[in-house]
Amino acid sequence: MGERKELQLGSEELERQKEVMLRIRENNSIDYQRSGNHKYYHVITFGCQQNVSDSEKLMGMLDEMGYLKAEKKEDADVIIINTCTVRENAELKLYGNIGAFKQLKADKPDMLLCICGCMMEQEHAVKTIKQKYKHVDLVFGTHNLYKFPELLERSMNEMYTLIDIMNTEGIIVEDMPVRREDKFKAWVTIMYGCNNFCSYCIVPHVRGRERSRMPENIINEIKHLAADGCKEVTLLGQNVNSYGKDLELDVDFADLLRMVNEIDGIDRIRFMTSHPKDISDKLIATMAECSKVCEQLHLPFQAGSNRVLKAMNRKYTKEDYLEKVEKVKKVMPGIALSTDVIVGFPGETDEDFEETLNIMRKVEFDQAFMFIYSKRPGTPAERMENQVSEDQKHRNFEKLVKVQNEISKRANDGYMGKAVEVLVEGPSKNDPSRYTGRSRTGKVVNFSGKRDIIGKLVNVKITEVFSWFLNGEMLDDKNID
Ligand code: SAH
Ligand code: SF4
Ligand code: F3S
């Protein structure tokens, strides 16, 4: 069977990389005995949670190789920039960043500068780096992340930029080391890639087709996390609702949710991202029935006009979307909904845009991530005629942000005087004498507490509301008996 072969390949690869990691660790240790200096790394991450999760793996490998984490890039011996290419400004930001490292590399020639991530899966970007940024030591992509130890070792002995981009996808390497910054909540990737090919989007081109992890590997990982004290998991994928479709097993995303819901020690389950076309009645019912699944759903609608949705290749209508939202709201009262919206897709008129505003007003999302359409090379939308003028895009974008800000504030106003359950993450950044955490609906709540409550669930009464967070007073500590 296909996936058995993949797994086997995966474990052979892991053994190979483990050997390299051990070798580098020994070298670093000898170096330390001689010089008294540790070796340090610094990882800079752009883009979405997928990249954050990949960076956690890279840091896990670096820890394993005996490097220590440096807060400042100037102190690092290995620097990794994990790139994003979803919109053009993400690319521009990267070039600015690499340029700024030229002096650092000149001052510290032994420092290794590595660039990886989604943007490196595009030929034009790799070519630019090769030609214009010769101080870069190593370039690798999203499909060969697991090969990082071997590539790092090779690049130590290379004069020129070492480039290793793998065009074949498919190997899922399990049990790679991971460095997670949060003790009480964790991101768990359940699938890689995307099959949807929305006409504006570069993600399927740089992340490949959908590949689901085997359910037992996901469950084992979460059981280990729970044993280490983790309380909340967010299941991650570009379209988690299509989990399992590529496996020769009778398991879908709703089944997976039920399995995770059974794991002792885990109190909360979140997931993202969901595609509206794949939200089934079974999934909606499962969300409501599983007590640990939080009242929060990120459901991007992208545009309100059916004509634009069709041109975007989203495979649902405005009516389908609104119907699904109604169903979700009905079975999970008080659910916090969030969304992604694009303004200025080719051919979008002011009338089409009004329909986007109508959806925003009708659904009343707690939060919306709003984007100005950006042309991505190689996508069908890039070649569409009637691209929208910059002026129209910006005018409508500002209108949208204004409408949503009022809605977000109103959604938070509804919390005034209510008690919410908070998972306490640590001291509040602005006032370390207070604590901070999140409600089940994902709201940031700051409050004053009494005892050592970090990592516990407490009830907090909301006394003040703002657009982006809530303030409150602790009522009790649910976990202290
Ligand atoms: N898989 C997720 C998220 C992918 S990228 C999903 O389907 O929802 C995150 C968001 O970036 C998308 O939801 C979309 O709103 C936005 N986006 C993607 N490509 C874009 C482009 N070319 N221009 C502007 N926004 C874009
Ligand atoms: Fe991009 Fe669409 Fe896939 Fe999301 S579902 S990653 S927007 S192609
Ligand atoms: Fe960017 Fe790649 Fe995520 S392109 S948005 S980091 S999947």
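Only this structure's heavy atoms are used, side chains among them; waters, hydrogens and symmetry mates stay out. As the structure lists them, so they are numbered: ligands from 1, and atoms in each ligand from 1.
- Here the shortest heavy-atom pairing between Asp63 and Tyr41 reads OD1-OH, 2.9 Å.
- With respect to the salt-bridge test (charged N to carboxylate O, under 4.0 angstrom), the residues Lys245 and Glu210 do not qualify.
- Distances shorter than 4.0 angstrom do not occur between any heavy atom of His275 and any atom of ligand 1.
- Among protein heavy atoms, the minimum distance from atom 7 (S) of ligand 2 is reached at Tyr200 OH, 3.4 Å.
- Ring centroids of Phe197 and His205 are separated by less than 6.0 Å, placing the two rings close together.
- In this structure, atom 2 (Fe) of ligand 2 has protein heavy atoms in its sub-4.0 angstrom surroundings.
- For the pair His135 (side chain) and Ile98 (backbone), a donor-acceptor distance under 3.5 Å is present.
- Residue-level proximity to ligand 2 for Pro300 is absent, since no heavy atom of it falls below 4.0 angstrom.
- Partners of Phe466 by side chain to side chain contact (heavy atoms under 4.5 Å, CB included), not counting sequence neighbours, listed by chain and number: Glu464, Phe469, Asn471.
- Residues Lys399 and Asp350 are not paired through a salt bridge, judged by the lack of any N-O separation under 4.0 Å between the basic side chain and the carboxylate.
- Salt bridge annotation for Glu13-Arg16: present, with a cationic side-chain nitrogen under 4.0 angstrom from a carboxylate oxygen.
- There is a side-chain donor-acceptor pair under 3.5 Å between Asn239 and Asp278.
- A heavy-atom separation below 4.0 Å is not found between Asn196 and ligand 1.
- A salt bridge links Glu91 with Arg376: the closest approach of a Lys/Arg side-chain nitrogen to an acidic carboxylate oxygen falls below 4.0 angstrom.
- The protein atom (non-hydrogen) at minimum distance from atom 22 (N) of ligand 1 is Ser374 O, 2.8 Å.
- Counting protein heavy atoms only, atom 5 (S) of ligand 2 is closest to Asn196 ND2, 3.4 Å.
- Closest heavy-atom approach to atom 14 (C) of ligand 1 among the candidates Glu382, Gln302, Met370: Gln302.
- For atom 20 (C) of ligand 1, the closest non-hydrogen atom on the protein side is Tyr200 CD1, 3.7 Å.
- Taking a cutoff of 4.0 Å between a charged side-chain nitrogen and a carboxylate oxygen, Lys185 and Glu232 do not qualify as a salt bridge.
- Close approach of ligand 3 to Gln238 (heavy-atom distance below 4.0 Å) involves ligand atoms 7 (S).
- For atom 3 (Fe) of ligand 3, the tally of protein N/O/S atoms lying closer than 2.8 Å stands at 1.
- Ring-plane geometry between Tyr321 and Tyr316 is classed as tilted, the angle between the planes lying from 30 to 60 degrees on a 0 to 90 degree scale.
- When non-hydrogen atoms are compared, ligand 2 lies under 4.0 Å from neither the backbone nor the side chain of Gln50.
- Salt-bridge check for Glu181 with Arg179: passed, with a basic side-chain N closer than 4.0 Å to an acidic carboxylate O.
- The closest side-chain donor-acceptor pair between Asp246 and Ser212 falls under 3.5 angstrom.
- When all heavy atoms are compared, the tightest approach of Thr441 to Glu295 is CG2-O, 3.3 Å.
- The shortest heavy-atom distance from Arg207 to ligand 2 is not under 4.0 Å.
- A heavy-atom separation below 4.0 Å is found between Val86 and ligand 1.
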Next item on the list: Please assess Lys393 against Glu390 for the test salt bridge (charged side-chain N to carboxylate O under 4.0 Å, His left out), listing each intermediate value before the final yes or no.
Entry: CA-CA 5 Å; Lys393 279 197 243 181; Glu390 287 302 310; 3.3 Å; yes
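- With respect to atom 8 (S) of ligand 2, the closest heavy atom belonging to the protein is Cys198 N, 3.3 Å.
- For atom 13 (O) of ligand 1, the closest non-hydrogen atom on the protein side is Asp340 OD2, 2.6 Å.
- Closest to atom 24 (C) of ligand 1 among all protein heavy atoms lies Ile372 O, 3.4 Å.
- Residue Arg376 approaches ligand 1 through these ligand atoms, each under 4.0 Å from one of its heavy atoms: 22 (N).
- If you number the atoms of ligand 1 from 1 as listed, the ones under 4.0 Å from a heavy atom of Tyr373 come out as 23 (N), 24 (C).
- Atom 6 (C) of ligand 1 has Thr273 CG2, 3.6 Å as its closest protein atom, hydrogens excluded (heavy atom only).
- Heavy-atom proximity to Gln238, at under 4.0 Å, picks out these atoms of ligand 1: 1 (N), 2 (C), 3 (C), 4 (C).
- Distances below 4.0 Å separate heavy atoms of Cys194 from the following atoms of ligand 2: 3 (Fe), 5 (S), 6 (S), 8 (S).
- For ligand 1 and Pro300, the ligand atoms under 4.0 Å from any heavy atom of the residue are 8 (O).
- Closest approach of Asn313 and Asn196 over heavy atoms only: ND2-O, 3.4 Å.
- Using a 4.0 Å cut-off between a side-chain N of Lys or Arg and a carboxylate O of Asp or Glu, Asp320 and Lys315 do not qualify as a salt bridge.
- Remark: Asp255 engages Lys282 in a salt bridge, criterion side-chain N to carboxylate O under 4.0 Å.
- Short contacts between ligand 2 and Phe197, defined as distances under 4.0 Å to a heavy atom of the residue, involve ligand atoms 8 (S).
- With a heavy-atom cut-off of 4.0 Å, Lys375 does not touch ligand 1 at all.
- The closest protein non-hydrogen atom to atom 16 (C) of ligand 1 is Arg87 NH1, 3.3 Å.
- Each of the atoms 8 (S) of ligand 2 lies under 4.0 Å from some heavy atom of Pro204.
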